[in-house]
Amino acid sequence: MFLYELRHRGTRHRPVVPPSRLAARAGDAALRGGDDRPYLRPRLAAALPRRATLPARRQPLAVARRRAGRAGRARPLDSLFVLRSAMRLSKSLIPTLKETPAEAQIVSHRLMLRAGMVRQMASGIYAWLPLGQRVLANIARIVREEQDAAGAEEVLMPTIQSADLWRESGRYDAYGKEMLRITDRHERELLYGPTNEEMITAIMRDAVKSYRELPQIPYHIQWKFRDELRPRFGVLRGREFLMKDAYSFDLDRAGAVVSYKKMMLAYMRTFQRLGITAIPMRADTGQIGGDLSHEFHVLAPTGESGVFYDAAFEAGDALAATDIEQFYAQMTGIYAATDEKHDLAAWNNVPPERRREGRGIEVGQIFYFGTKYSQAMDFAVTGPDGRRIHPEMGSYGIGVSRLAGAIIEARHDEAGIIWPDAVAPFRAVILNLRQGDAATDPLCEQLYAALGREALYDDREERAGVKFAEADLLGHPWQIIIGPRGAAQGQVELKRRATGERFELPVAEALVRVRG
RNA sequence: CGGAGCGUAGCUCAGCCUGGUAGAGCGCCAGCUUUGGGAGCUGGAUGCCGGAGGUUCGAAUCCUCUCGCUCCGACCA
């Protein structure tokens, strides 16, 4: 503890507090009315001579200890302990905001800033703070699991690419100003990748020679950059964004369509696991090229596009699907369209009671585009008859960082974010309503030790109201509320953020509930 | 890229029109009180007024240039 604090906090520009005064102030704090912790005094006496040699401190030890909610139970291994379980709110980089920064217009952007998830570093470019980083990691984890399950294989390609690669496909000039172009010290032309068709095709061209090595679906989760004319909506339309992109290589069109269908199922499973409703819709192929494409829209009242769909989608369960062909037929057989592609004739065939109109945020898109890149870049494998075959390709994107915003758009209320369990940065927050209390402190520590990284411990010296408000803002699925009255009897209150339900439970039962 | 607007304390903003000591609320720090839904009182710290140039005895304020950010439109995982 001492080393840790010395290293991290001891260099602040503060006047040195004379040892005598420090002792007096610390003593006062320990003896203050209502403080029922006599053990503080001997501990302080032991600690003070060491402390007096330290550089300027921000506060007397007793106060520091009270704030940190440590109840004076310092142990020799404290420094390690504190470093490992860093998610005590008092020691975390979670800079919440009471007021909304002026630049944020859309609800997810406001909430992400207010919850301390992200900070804008430049137009459309964000730093992800601990809470945001955890959400990103959780989304990426689920995306990864579903890609792997679909038979895709993870790789990691660089963010910086050579212009020459893009000249091969002809897209270096075609891509326009949205591509961020870079020149290195040797005047070589580089670019920050907006997508990776060219690069993955070059890799495959180099590595894959026989038809027996296909099909393959490499994917990676990597930062992309598209120099949008007008970044907006926070991470929903940033210039730099984290994307999962997969690329399928098959021998023929039939195989490519199978890959396409697999990916559609993987996408629907992914979105369902993320706790959101996403609907696949026929789409244009745009820059990528090709003739088969679907966009996936998350339903959210603040979405950018208007969407029309058949309520049959709401009943679908991708996690229960066993037959890919059947699932694909079902998905593509139900009416769904963005306002741009809305077809009134087809819409009128949907039974009126099943017609749904809403808003959607595009969080993914899949393409089949045949041999566009394998031809242009001459990636061919030797077929069974010795002839060269240009593989049939598809590409499949999921906006990982955009999903973080989209999930909030879909799941929030006036008080803040309502995280689905799967993506929440923490399953639970432990609210110590009376920091420094003889009953609440040990109980909170016990719960915190039991839950480990799954829990955030609000150990700050704040009023109950502040803790409640921030817990709601941050949106943890569970709030474990520990007040002096219940704590004395070993009871805690459990609040479910999504529903507002509250339960009075013994500690052990609460743990079971939270762990699900 | 076209149109509009905004840059003043960590955040939200006033002050600018009409030039003359840089402000409020919240947050932060210290103390006391309070303690189950963003408390109260007292004291304190914090600013290259985005940057550069100009006008003037004097510029946050007027003029010019510039950088950044936001909004509307076209574009987009």
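As the structure is a computational prediction, the values presented were derived from the model and not from experiment. Letters A, B, ... mirror the listed sequences (proteins, then strands); counts begin at 1.
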Same-atom distance ([atom1]) from [N] to [M], integer angstrom:
| N | M | atom1 | value |
| --- | --- | --- | --- |
| B/rC6 | B/rA14 | C1' | 15 Å |
| B/rA22 | B/rA4 | C1' | 29 Å |
| B/rG2 | B/rA60 | P | 33 Å |
| B/rG68 | B/rG31 | P | 44 Å |
| B/rC13 | B/rG73 | P | 22 Å |
| B/rA30 | B/rG23 | P | 25 Å |
| B/rA59 | B/rA52 | C1' | 15 Å |
| B/rG53 | B/rU70 | C1' | 27 Å |

Next on the checklist: So does A/R434 get a backbone contact from the side chain of A/T440, meaning a donor-acceptor N/O pair under 3.5 Å?
Outcome noted: yes
Item to check | Listed partners of A/Y309 passing ring-ring contact (aromatic ring centres under 6.0 Å, His included), at least two apart | outcome: none
Of the candidate nucleotides [options], which contains the atom at the shortest distance from the side chain of [X]?
| X | options | result |
| --- | --- | --- |
| A/Q120 | B/rG36, B/rC72, B/rC69 | B/rC69 |
| A/E103 | B/rA77, B/rU70, B/rC71 | B/rU70 |
| A/E178 | B/rA74, B/rC75, B/rG36 | B/rC75 |
| A/A469 | B/rC72, B/rG38, B/rU35 | B/rG38 |
| A/R232 | B/rC72, B/rG36, B/rA39 | B/rC72 |
| A/F468 | B/rG37, B/rU12, B/rA77 | B/rG37 |
| A/I481 | B/rG36, B/rG38, B/rC1 | B/rG36 |
| A/E99 | B/rU12, B/rG36, B/rA39 | B/rU12 |

Kindly say if [X] contacts the phosphate of [N], meaning a side-chain N or O under 4.0 Å from OP1 or OP2.
| X | N | value |
| --- | --- | --- |
| A/R463 | B/rA39 | yes |
| A/Q105 | B/rC72 | no |
| A/K98 | B/rG27 | yes |

Next on the checklist: Under the criterion of centre distance below 5.5 Å and interplanar angle below 30°, is A/F241 classified as stacked on the base of B/rA77?
Outcome noted: yes
Next on the checklist: Tell me if the side-chain of A/E470 makes a donor-acceptor pair with the base of B/rG38, cut-off 3.5 Å, by modelled atom types.
Outcome noted: yes
Whole Å only: how far is the [atom1] atom of [X] from the [atom2] atom of [N]?
| X | N | atom1 | atom2 | result |
| --- | --- | --- | --- | --- |
| A/Y267 | B/rA77 | OH | P | 12 Å |
| A/L97 | B/rC13 | CG | P | 12 Å |
| A/I221 | B/rA77 | CD1 | P | 19 Å |
| A/Q479 | B/rG36 | CD | P | 16 Å |
| A/E461 | B/rG36 | CD | C1' | 16 Å |
| A/R230 | B/rC1 | CZ | C1' | 13 Å |
| A/D458 | B/rG37 | CG | P | 15 Å |
| A/M243 | B/rA77 | CE | P | 9 Å |

Item to check | First of A/G364 and A/P101 reached from the 5' end of RNA chain B, by closest nucleotide | outcome: A/P101
Item to check | Upstream residue (5' side of RNA chain B) when A/S123 and A/R114 are each assigned their closest nucleotide | outcome: A/R114
What does [N] pair with, Watson-Crick or G-U, if both distances are under 3.5 Å?
| N | value |
| --- | --- |
| B/rC71 | B/rG3 |
| B/rC28 | B/rG44 |
| B/rC62 | B/rG54 |
| B/rU35 | none |

[Y] and [X] aromatic ring geometry - parallel, tilted or perpendicular at 30°/60° bounds:
| X | Y | value |
| --- | --- | --- |
| A/Y267 | A/F296 | tilted |
| A/Y126 | A/H109 | perpendicular |
| A/Y328 | A/H294 | perpendicular |

Checklist entry - Near RNA chain B, which residues from residues 492-502 of chain A have a heavy atom under 4.0 Å away? => result A/E493, A/K495, A/R502
Item to check | Within-4.5 Å side-chain heavy-atom neighbours: A/M204 and A/Y247 | outcome: no
Could you tell me whether [X] and [Y] make a salt bridge, using a distance below 4.0 angstrom between a side-chain N and a carboxylate O?
| X | Y | result |
| --- | --- | --- |
| A/K224 | A/E240 | no |
| A/E501 | A/K495 | no |
| A/R282 | A/E295 | no |

Next on the checklist: Testing the 3.5 Å rule here: is there a donor-acceptor pair between the side chains of A/Q479 and A/D472?
Outcome noted: yes
